[in-house]
Amino acid sequence: AQSVTQLDSQVPVFEEAPVELRCNYSSSVSVYLFWYVQYPNQGLQLLLKYLSGSTLVKGINGFEAEFNKSQTSFHLRKPSVHISDTAEYFCAVSDPTGANNLFFGTGTRLTVIP
Amino acid sequence: GAVVSQHPSRVICKSGTSVKIECRSLDFQATTMFWYRQFPKKSLMLMATSNEGSKATYEQGVEKDKFLINHASLTLSTLTVTSAHPEDSSFYICSASRSGRGNQPQHFGDGTRLSIL
């Protein structure tokens with residue numbers, strides 16, 4: 001079974017500063033990895049995904065993430081955040097060989113401070 | 001592309017009422033749709049997975065008779081909360097995927113805020 005740990009429930013950061021949101025997973029098989037963003041009272045929007053290939057994945061809104069198999073991590077980064085990046089961010093995994101079920105972390109609330 | 005529409009966005013109703021929530025994939029065919037429940041400041045909890053033309057697969061602890069799921073076409077799935085009670089109040093989110101394979105991302109609707117008085 002897969003599980004996801006997002007170590008930080010809340011991350012405050014000043015505008016234009018860099019940010020890293022941490023995600024670690026556990027799985028006995030290879031995984032697909034995803035980052036989603038949720039704005040208040042809305043559903044989830046896919047930021048980026050890792051399926052295979054290059055371990056550095058670039059997504060929308062200037063975000064990127066790096067898959068590190070040895071550390072079982074998939075941290076999300078952005079070099080310079082904007083006020084509009086304030087939202088809840090969810091890391092998720094799925095099993096490539098099984099049903100398309102996503103297992104979500106508990107989320108990280110990113111707050112960008114002006 | 002890959003737009004998912006969820007309707008209604010908000011429902012307020014009396015205890016004992018049944019409420020239907022629709023999830024539509026607008027520009028693609030969704031073989032598989034998922035229904036999640038999200039509690040305040042919590043992650044998403046998968047309730048059930050539905051494949052077009054088949055019975056839904058419910059997660060452990062989710063009452064099948066309480067949360068009726070229908071996936072009659074490749075673009076529409078519905079969740080009916082039967083005889084809703086205040087404890088059913090929550091944010092319900094659907095997602096749709098082109099297939100049941102793990103490499104196909106899920107595309108999410110904007111959610112439905114259900115409030116039972």
Which pair of heavy atoms, one from B:Phe91 and one from A:Gln38, lies closest together, and at what distance?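 Minimum heavy-atom separation between B:Phe91 and A:Gln38: CE2-NE2, 3.7 Å.
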
What part of A:Phe90 lies closer than 4.5 angstrom to a heavy atom of chain B: side chain, backbone, both or neither?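 A:Phe90 touches chain B through side-chain heavy atoms alone.
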
Hey, does [Y] have a side-chain heavy atom less than 4.5 Å from the side chain of [X]?
X: B:Gln106; Y: A:Tyr36; result: yes
X: A:Leu102; Y: B:Phe34; result: no
X: A:Gln45; Y: B:His107; result: no
X: B:Ile93; Y: A:Leu44; result: yes

Are [X] and [Y] connected in the hydrophobic side-chain network, where two residues link if heavy atoms are under 4.5 Å apart?
X: B:Val81; Y: B:Met45; answer: yes
X: B:Ile69; Y: B:Val11; answer: yes
X: A:Leu21; Y: A:Leu33; answer: yes
X: A:Phe67; Y: A:Ile60; answer: yes
X: A:Tyr89; Y: A:Val81; answer: yes

Enclosure of A:Lys58 NZ (heavy-atom neighbours >12, cutoff 6.0 Å):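 12 or below, so no.
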
Crowding at NE2, B:His7 (>12 non-hydrogen neighbours, <6.0 Å):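 12 or below, so no.
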
Quick check against the 3.5 Å criterion: does A:Thr106 have a side-chain atom that pairs as donor or acceptor with the backbone of B:Ser43?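 Here the side-chain-to-backbone pair does not exist.
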
CZ/A:Phe104 to CG/B:Leu46 distance, rounded to the nearest 0.5 angstrom?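 It comes to 9.0 Å.
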
Heavy-atom distance under 4.5 Å to chain A: side chain of B:Gln6, backbone, both or neither?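 Neither the backbone nor the side chain of B:Gln6 comes within 4.5 Å of chain A.
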
